[in-house]
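Here is the structure we will look at, set down as structure tokens.
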Protein chains: 2
Amino acid sequence: MLQILGLVGSKWSILIVGQLRDRTMRFGELHRAVKGISQRMLTLTLRQLERDGLLTRTVHPSVPPRVDYALTALGATLLDSVVALGEWASAHRHEISNNRHRYDATHPTRT
Amino acid sequence: MLQILGLVGSKWSILIVGQLRDRTMRFGELHRAVKGISQRMLTLTLRQLERDGLLTRTVHPSVPPRVDYALTALGATLLDSVVALGEWASAHRHEISNNRHRYDATHPTRT
DNA sequence: CGGCATCCCCAACGATACTG
DNA sequence: CAGTATCGTTGGGGATGCCG
């Protein structure tokens, strides 16, 4: 339970699953779409999601190689929650940012 | 955005906000309710959530001291998503656990 | 193109002890 | 009761370089 929340709760998982919302994507596409993620973290997070059965990894044996990622049925059941979380974060980011600054101004750092 | 997702996506935040779903709770109550969290992590996570304006911290100057935590209006807007995530994790934990074991059995560890 | 391997660092976290 | 302080560990994650 904690493990599962730890995974799906990870910001990268949320963003990746959100990207695969309505279409399959290649590794490079995801890398470009998910701003700020390193190649390493993208690989690792995709592996976790694949391991948990939330997405499929399809290797096309061509040159150059091509790998497609797509949500599984299980992954799709997570979409609603994930999209909702993403939209919440997007909608309230300014409010939260303000709250943080106000809090920091009110609660001086202990020296 | 990443910061926000990192916070609300944290497993502890999800569980804490979920606990405050329909009532205010004391520190000790939360500590007992959120299995596996250390006192330190509970304190830190509550501080983060308070800083972001998702919950309020009310100190009652009594002996023994008493501190109540409650969701703010902003925190309440996060409830639906968080509850949905929690229920998803709970509902699919066995399926995911099976997927992990199957994956681990199929993909041998490199020695 | 889509990785994996390696090195390395630092923030996160647990455990424990102390306090208003 | 509800924290704070300190120490020690771990593992998350960036940077870089090589490979099928």
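Below, chains carry the letters A, B, ... as their sequence lines are ordered, and counting in each starts from 1.
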Inset, instruction - Write down the atom of B:W12, the atom of B:K35, and the distance for their closest heavy-atom approach. - result: CZ3-O, 3.9 Å
Legend entry - Closest-nucleotide ordering on DNA chain C, the 5'-leading residue of B:P65 and A:Q39: A:Q39
Legend entry - Spacing of NZ belonging to B:K11 relative to CD1 belonging to A:I4, to within rounding of 0.5 Å: 12.5 Å
Inset, instruction - Let me know the distance between CD1 of A:I37 and P of C:dG2, rounded to the nearest Å. - result: 14 Å
Legend entry - Nucleotide nearest A:T43 when distance is taken to its side chain, options C:dG3, C:dG14, D:dG3: C:dG3
Legend entry - Straight-line distance of B:L74 CG to A:N99 CG, nearest 0.5 Å: 6.5 Å
Inset, instruction - Would you mind reading off the distance between B:K11 atom NZ and C:dG14 atom P, rounded to a whole angstrom? - result: 7 Å
Legend entry - Residue A:V67, side-chain heavy atoms: nucleotide from C:dG3, D:dC1, D:dG14 that is nearest: C:dG3
Inset, instruction - Check the distance between C:dC1's P and A:M25's CE and give it to me in whole angstrom. - result: 15 Å
Legend entry - Separation of atom CZ in A:R26 from atom P in C:dC1, rounded to whole Å: 8 Å
Legend entry - Atom-to-atom span, CG of B:L44 to C1' of C:dA11 - whole angstrom: 12 Å
Legend entry - From CG (A:L20) to CG (A:L55), nearest 0.5 Å: 6.5 Å
Legend entry - Length of the line joining B:Y69:OH and D:dA2:C1', which is rounded to integer Å: 8 Å
Inset, instruction - Please check the phosphate of D:dG13 (OP1 and OP2 only) for any side-chain N or O of A:S38 closer than 4.0 Å. - result: no
Inset, instruction - Among C:dC1, C:dG14, C:dG3, find the nucleotide with the atom closest to the side chain of A:R47. - result: C:dG3
Inset, instruction - For A:H60 and C:dG3, give me the distance from atom NE2 to atom C1', rounded to whole Å. - result: 16 Å
Inset, instruction - Verify the neighbour count for atom CD of A:Q3: are there more than 12 heavy atoms of other residues, nucleotides or ligands below 6.0 Å? - result: no
Legend entry - d(NE2, A:H107; P, D:dT4) in whole Å: 11 Å
Inset, instruction - Between A:R40 and B:F27, just flag the one whose closest nucleotide in DNA chain D comes earlier from the 5' side. - result: B:F27
